[in-house]
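Structure first, then comments.
Throughout, numbering of the chain's residues begins at 1 and tracks the sequence.
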Amino acid sequence: LLRSGMKKLRFLLVRLLVADILATLVFFGLTRFVDQTGKITHGAGVVFYSDAAREADARIDKGIALLEAGKVDRLVMVGGHRPQEGIVGSQDMALTAIRRSGYGARITADVSSRDTISGLQTLASQPGLTDAEQLVFVSNCMHLLRAKIIYHSVTHGGPKARTACAKASLNPVDIWKRAHYEMGAWIVYVLPESWRDAVLDRLRGKPSGE
């Protein structure tokens with residue numbers, strides 16, 4: 001009886017694993033269609049912070065490429081405010097982008113946002129974006145799907161948003177990790193605001209002044 005139970009458990013785990021892998025592949029495949037780089041003709045670039053150095057570099061490079069191609073006329077880095085670590089990721093990314101490109105007057109940073117939601121909520125008040133007719137979100141494709149949906153849910157009458165995917169790792173393990181990170185981020189997003197803030201306070205530290 002015990003052996004039969006263990007066999008059923010293993011079979012169930014295998015089915016769950018296969019379903020998880022298939023769901024990851026479908027999600028990854030669908031998000032490939034998020035990229036609108038070829039359709040972008042003008043706008044203000046919004047580059048999202050990543051705490052993974054390789055991914056942050058890819059987003060910076062994508063933003064600079066858009067700037068040099070004339071598809072955007074400025075870049076604003078958002079996210080990465082980590083009070084408990086004493087860092088402002090968006091500012092670090094902006095400085096890196098300026099060093100690489102030399103476009104110091106066209107690259108700025110929002111130093112207050114610590115996550116995608118707060119970064120999107122404060123976009124309208126950013127000095128570098130107040131006159132933008134169109135925003136171009138720059139991140140990896142899986143994140144951009146979430147960012148665009150959240151943007152439309154937290155803003156009303158703001159500039160139209162387009163998306164430009166930065167180069168991402170095609171390593172299956174990296175894809176699996178990112179897909180599950182996104183799943184966790186979606187869960188946090190749908191939580192009541194007080195619960196969501198509590199989770200972010202725990203993970204990233206409380207915003208300055210709190």
Using a distance-only test with no angle check, is there a side-chain donor-acceptor pair under 3.5 angstrom linking Thr37 and Lys71?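 The answer is no; no qualifying pair exists.
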Are Ser90 and His81 linked by a side-chain donor-acceptor pair shorter than 3.5 Å? no
Count the heavy atoms of every other residue, nucleotide or ligand shown that sit under 6.0 Å from CZ of Arg15, and state whether that count exceeds 12. no
Counting only heavy atoms from other residues, nucleotides and ligands, does the tally under 6.0 Å from CZ of Arg100 exceed 12?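 Yes, because the 6.0 Å sphere around CZ of Arg100 holds more than 12 heavy atoms from other groups.
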Report the C-alpha separation of Arg178 and Glu55 in whole Å, then their side-chain angles, then the decisive distance to 0.1 Å, and conclude whether the side chain to side chain contact (heavy atoms under 4.5 Å, CB included) test is met. CA-CA 11 Å; Arg178 184 70 213 192; Glu55 196 159 310; 3.2 Å; yes
If you measure from the Lys or Arg side-chain nitrogens to the Asp or Glu carboxylate oxygens, is any gap between Lys160 and Glu133 under 4.0 Å?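 No, no charged N to carboxylate O under 4.0 Å.
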Would you call Arg54-Asp174 a salt bridge at under 4.0 Å N-O?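 Yes, Arg54 and Asp174 are salt-bridged.
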What do the steps show when you test Asp35 against Arg162 for salt bridge (charged side-chain N to carboxylate O under 4.0 Å, His left out), and what is the final call? CA-CA 8 Å; Asp35 190 23; Arg162 288 194 175 276; over 6 Å; no
Donor-acceptor pairs are to be reported for all side-chain atoms of residues 42-53 against protein atoms at under 3.5 Å, with residues two or more places apart or in another chain.
from	atom 1	to	atom 2	distance (Å)
Ser50	OG	Ala52	N	3.2

My understanding is that only residues two or more places apart in sequence, or in another chain, count here; which of them pass side chain to side chain contact (heavy atoms under 4.5 Å, CB included) with Ser101?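 By the side chain to side chain contact (heavy atoms under 4.5 Å, CB included) rule, Ser101 matches Ile64, Tyr103, Ile107.
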Side-chain donor-acceptor pairs under 3.5 Å in residues 184-194, sequence neighbours left out?
from	atom 1	to	atom 2	distance (Å)
Tyr189	OH	Ser153	OG	2.6

Heavy-atom nearest pair, Ala147 first then Phe137, reads O-CE1, 4.2 Å
